[in-house]
Number of protein chains: 2
Amino acid sequence: MKETQLLKGVLEGCVLAIIKRQQVYGYELVQIMRDYGFTTIVGGTIYPLLQKLEKQGLIKSKELTSPDGPNRKYFFITAYGEEQLMNFEEQWNSLIIKVNRIVENEESE
Amino acid sequence: MKETQLLKGVLEGCVLAIIKRQQVYGYELVQIMRDYGFTTIVGGTIYPLLQKLEKQGLIKSKELTSPDGPNRKYFFITAYGEEQLMNFEEQWNSLIIKVNRIVENEESE
DNA sequence: CAGTACTATTATGTTATACAAAGTAGTGAG
DNA sequence: CTCACTACTTTGTATAACATAATAGTACTG
């Protein structure tokens, strides 16, 4: 079982949570995720996700020039995005409870 | 975001954990998962998963007659399966830590 | 015999992430 | 000036998990 499968659905919530508290551009987001321990994250994973989130209206973007290279595309969370983030947090917490109930039972019998 | 995306990768670990502490057949497993709160689980989700796990050697099966219908196919965990289950638990705990670190930071700033 | 509950199987679709490659803009070395 | 390098973004193709839905077969019940 690869760790990557566990990521599904989680990544989106994490990205929203990060964008909520600071505006970021894609490249930076990759670094941040890696700092948090998601070492396998690369651009090819993040950019399509950002495009999807923007298309769905959860985030919006603004392009700004960079002193170090090509333009950066900064992302911000929308009201709808915040709503969905809360939604994610609920589902995530609920999932933890369910899974732990199953896995922890293991030792109690 | 549908809850179903969060399931990915988790389902396999849950199924293994359940099979570890009691032999079950597919239909029964569906009921158990539903009791645990995974209300959307149906046969079409569980049976292919069981076949995959058996093919990979994480579980093995034995067919027994049922008093109430067609034969039941009971599943047992193998040594390799137990190994993978421990593996899953580690990854799952590690994922919880990482995600919570991201999500919870939200309020502390 | 018709209908319903049990049990297993399989085909097809959707979607998130992986993987890999490439394109664009600036900077520094020679 | 150009070559290489780094910062930054984009895109195409593949894989694998889970959803959805339909099929089929056994036993019980009316």
Side-chain angles (χ1 to χ4, degrees), chain A residues 1-16 23-34 38-56 58-59 61-75 84 88 91-92 95 98-99, chain B residues 1-16 23-34 38-56 58-59 61-75 88 91-92 95 99:
Chain A
M1 189 162 17
K2 303 200 210 100
E3 187 196 15
T4 125
Q5 286 308 321
L6 287 175
L7 262 186
K8 310 238 164 173
V10 170
L11 199 51
E12 188 172 325
C14 290
V15 166
L16 277 178
Q23 63 185 74
V24 291
Y25 52 99
Y27 191 79
E28 187 188 10
L29 188 52
V30 173
Q31 322 288 321
I32 295 177
M33 292 296 292
R34 296 175 81 95
F38 294 94
T39 53
T40 64
I41 301 296
V42 291
T45 301
I46 287 296
Y47 288 106
L49 175 57
L50 288 171
Q51 285 170 2
K52 193 194 84 181
L53 291 177
E54 183 169 22
K55 194 165 157 196
Q56 293 178 343
L58 279 71
I59 57 178
S61 65
K62 184 165 48 169
E63 213 164 329
L64 298 176
T65 60
S66 157
D68 304 319
N71 285 352
R72 293 170 176 166
K73 203 158 159 191
Y74 283 87
F75 292 92
Q84 290 309 106
F88 162 76
Q91 290 183 354
W92 169 245
L95 180 69
K98 288 186 217 162
V99 173
Chain B
M1 189 161 17
K2 303 199 209 102
E3 188 196 14
T4 125
Q5 286 308 323
L6 287 176
L7 261 186
K8 309 239 166 174
V10 170
L11 199 51
E12 188 173 324
C14 290
V15 165
L16 276 178
Q23 63 186 75
V24 291
Y25 51 99
Y27 191 79
E28 187 189 9
L29 188 53
V30 174
Q31 321 288 321
I32 294 177
M33 291 297 291
R34 295 174 81 96
F38 293 94
T39 54
T40 64
I41 301 295
V42 291
T45 302
I46 287 297
Y47 287 108
L49 176 57
L50 288 170
Q51 286 171 2
K52 193 194 85 180
L53 292 178
E54 184 170 21
K55 195 166 156 195
Q56 293 178 343
L58 280 69
I59 58 178
S61 66
K62 184 164 51 170
E63 214 163 329
L64 298 176
T65 60
S66 157
D68 305 319
N71 285 350
R72 292 171 175 167
K73 202 158 158 191
Y74 283 88
F75 292 92
F88 162 77
Q91 290 184 354
W92 168 245
L95 180 70
V99 173

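Just so it is clear, the values below take in all heavy atoms, side chains as well, and ignore hydrogens, waters and symmetry mates. We name chains A, B, ... by the order of the sequence lines, and we start the count at 1 in each one.
- Atoms OH (B:Tyr47) and P (C:dA11) sit 17 Å apart, rounded to a whole Å.
- Residues A:Leu50 and A:Ile46 are in side-chain contact: their nearest non-hydrogen atoms beyond the backbone lie under 4.5 Å apart.
- Of the listed residues (B:Ile59, B:Leu29, B:Ile41), just one forms a side-chain contact (heavy atoms from CB on, under 4.5 Å) with B:Val15, and that residue is B:Leu29.
- In this model, the phosphate group of C:dT10 is approached by a side-chain N or O of B:Gln51 to a distance below 4.0 Å at OP1 or OP2.
- B:Arg72 has its side chain out of reach of B:Ser61: every pair of non-hydrogen atoms, C-beta onward, lies at least 4.5 Å apart.
- Remark: B:Tyr25 is in phosphate contact with C:dT7, judged by side-chain N or O atoms under 4.0 Å from OP1 or OP2.
- Rounded to whole Å, atom P of C:dT10 lies 12 Å from atom CD of B:Glu54.
- Distances shorter than 4.0 Å separate none of the side-chain N or O atoms of A:Lys52 from OP1 or OP2 on C:dT15.
- Distance A:Leu53 CG to C:dT15 P: 14 Å, rounded to the nearest Å.
- Here the CG atom belonging to A:Asn71 is positioned 12.0 Å from the OH atom belonging to A:Tyr25, to the nearest 0.5 angstrom.
- Annotation: salt bridge (Lys or Arg N to Asp or Glu O under 4.0 Å) contacts of A:Lys52 (sequence neighbours excluded): A:Glu12.
- Judged as a side chain to side chain contact (heavy atoms under 4.5 Å, CB included), and not counting sequence neighbours, the contacts of A:Gln23 are A:Tyr74, A:Phe76.
- Nearest to the side chain of B:Arg72, among C:dA8, C:dT17, D:dT9, sits C:dA8.
- To the nearest angstrom, P of D:dA17 lies 13 Å from CZ of B:Phe88.
- Residue-level contact check: B:Glu28 touches neither bases nor backbone, having no heavy atom under 4.0 Å from any strand.
- Among C:dA18, C:dT9, D:dT10, the nucleotide with an atom closest to any side-chain atom of A:Lys73 is D:dT10.
- Whole-Å rounding puts the A:Leu29 CG to D:dT10 C1' distance at 16 Å.
- Side-chain contact between B:Val42 and B:Met33 is absent, with no heavy atoms from C-beta onward closer than 4.5 Å.
- OP1 or OP2 of C:dA8 has not a single side-chain nitrogen or oxygen of B:Tyr27 nearer than 4.0 Å.
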Protein N or O to nucleotides 20-27 of chain D N or O, pairs below 3.5 Å:
{"unit_1": "D:dT20", "atom_1": "O4", "unit_2": "B:Gly44", "atom_2": "O", "d": "3.4"}
{"unit_1": "D:dA27", "atom_1": "O3'", "unit_2": "B:Pro67", "atom_2": "O", "d": "3.4"}

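- Rounded to whole Å, atom C1' of C:dA16 lies 12 Å from atom CD1 of A:Ile46.
- Contact annotation: A:Lys8 does not reach the phosphate of C:dA18 (side-chain N/O to OP1 or OP2, under 4.0 Å).
- Rounded to whole angstrom, the span from the CG atom of B:Leu11 across to the C1' atom of D:dA19 amounts to 12 Å.
- Rounded to an integer number of Å, the gap from B:Phe38 CZ to D:dC18 P is 10 Å.
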